[in-house]
Amino acid sequence: MPRPRSPRGRQRGPAGDPALTTDALPGMSRAMVAELENRPAVQVIGTWLELRVMRNAGAAFSIGETTTIVFTLIAATVAVAIARLARKLYSTPWAIALGLLLGGVLGNLTDRLFRTPGGLQGAVVDFVSVRGFSVMNLADWAVFCGGTLIVFCTLRGWELDGAGGGVAGARRAEAA
């Protein structure tokens, strides 16, 4: 039985385009962060959205700052798992979701590997401050958006191979 194909007749993946773009954004933002370092917050939308540089050795909301190496190993494991899943990927929404997740994980993993103090214990640089919520970086936002899209794809019943999800998925399943 032939493998299902995307609407254009080719396999998606390996979540590459969104991952490469997402991983490149934190790299480009590092130049902006260098300009913001050791300066007062820059207001973008009043005090609701500011650019403010902070170092975060932990996870979201600075949870677990003493277990940085654990987050580094989890990030590496997630990146490997996504790379393995990408071989089965024929769905555009899943490619975008996993690409965002992979790009965000790689962006934060880069900080953990190469930022001071190094040795899998580097702190990520957060700089997008949303009042009353959190200070995050672009990689964090990519992980959040990718995770949200994964939940959406799952609730819709969309499969990695492009099957599922209503009429379009049913037609593809019948054609296979």
Side-chain angles (χ1 to χ4, degrees), residues 1-30 55-115 117-126 128 134-166 168-169 172-173 176:
M1 176 184 294
R3 285 187 73 146
R5 298 289 173 191
S6 71
R8 286 189 238 152
R10 63 179 177 81
Q11 181 176 356
R12 301 274 178 212
D17 293 341
L20 290 174
T21 303
T22 304
D23 189 36
L25 286 175
M28 292 184 290
S29 70
R30 284 182 179 89
R55 306 282 173 166
N56 180 3
F61 308 106
S62 298
I63 295 170
E65 289 186 328
T66 60
T67 57
T68 303
I69 196 164
V70 173
F71 298 119
T72 305
L73 296 174
I74 290 170
T77 303
V78 168
V80 169
I82 292 172
R84 290 185 56 131
L85 278 175
R87 294 180 297 156
K88 302 175 185 178
L89 196 55
Y90 287 86
S91 164
T92 300
W94 273 102
I96 293 168
L98 292 175
L100 285 168
L101 186 60
L102 179 61
V105 165
L106 291 175
N108 281 337
L109 185 58
T110 300
D111 279 354
R112 300 245 184 246
L113 292 173
F114 300 111
R115 293 223 180 250
L120 306 179
Q121 297 184 43
V124 298
V125 178
D126 293 335
V128 179
S134 180
V135 180
M136 299 169 62
N137 60 34
L138 297 179
D140 295 334
W141 285 105
V143 168
F144 173 77
C145 292
T148 301
L149 189 52
I150 287 169
V151 170
F152 180 76
C153 290
T154 302
L155 291 175
R156 294 287 308 210
W158 295 339
E159 303 290 333
L160 291 172
D161 66 1
R172 270 183 258 148

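For this chain, numbers begin at 1 and follow the sequence in order. What you see below is based on every heavy atom in this structure, not just the backbone, and it leaves out hydrogens, waters and symmetry mates.
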Exercise. Nearest 0.5 Å, what's the CD1-OG distance between Ile96 and Ser91?
Worked result: 8.5 Å

For this session: May I have the step-by-step check of side-chain contact (heavy atoms from CB on, under 4.5 Å) for Val78 and Leu109, ending in yes or no?
Result: CA-CA 10 Å; Val78 168; Leu109 185 58; over 6 Å; no

Problem set entry | Distance in Å, Phe144 CZ paired with Leu101 CG, rounded so as to fall on 0.5 Å steps | 13.0 Å

For this session: Given side-chain contact (heavy atoms from CB on, under 4.5 Å), test Asp140 with Asn137 step by step and report yes or no.
Result: CA-CA 5 Å; Asp140 295 334; Asn137 60 34; 3.2 Å; yes

Exercise. How many angstroms lie between CG in Asn56 and CE in Met136, if you round to the nearest 0.5 Å?
Worked result: 10.5 Å

Seminar exercise, completed: Separation between OG1 (Thr148) and CH2 (Trp141), nearest 0.5 Å, reads 10.0 Å

For this session: List the steps and the verdict of side-chain contact (heavy atoms from CB on, under 4.5 Å) for Glu159 and Lys88.
Result: CA-CA 10 Å; Glu159 303 290 333; Lys88 302 175 185 178; over 6 Å; no

For this session: Look up atom CG in Asp111 and atom OG1 in Thr72, then write down how far apart they are to the nearest 0.5 Å.
Result: 10.0 Å

Problem set entry | Reported CG-to-CH2 distance for the pair Leu149 and Trp94, which is rounded to 0.5 angstrom | 8.0 Å

Exercise. So which heavy atom on Ala57 is nearest to which on Phe71, and how close?
Worked result: O-CD1, 4.5 Å

For this session: Report the C-alpha separation of Arg112 and Val124 in whole Å, then their side-chain angles, then the decisive distance to 0.1 Å, and conclude whether the side-chain contact (heavy atoms from CB on, under 4.5 Å) test is met.
Result: CA-CA 6 Å; Arg112 300 245 184 246; Val124 298; 4.0 Å; yes

Exercise. Is the shortest heavy-atom distance from the side chain of Leu85 to the side chain of Leu89 under 4.5 Å?
Worked result: no

Problem set entry | Expected output: side-chain Asn108 to main-chain Val105 donor-acceptor under 3.5 Å | no

Exercise. If you take all heavy atoms of Ala79 and Leu106, which pair is closest and at what distance?
Worked result: CB-CD2, 4.1 Å

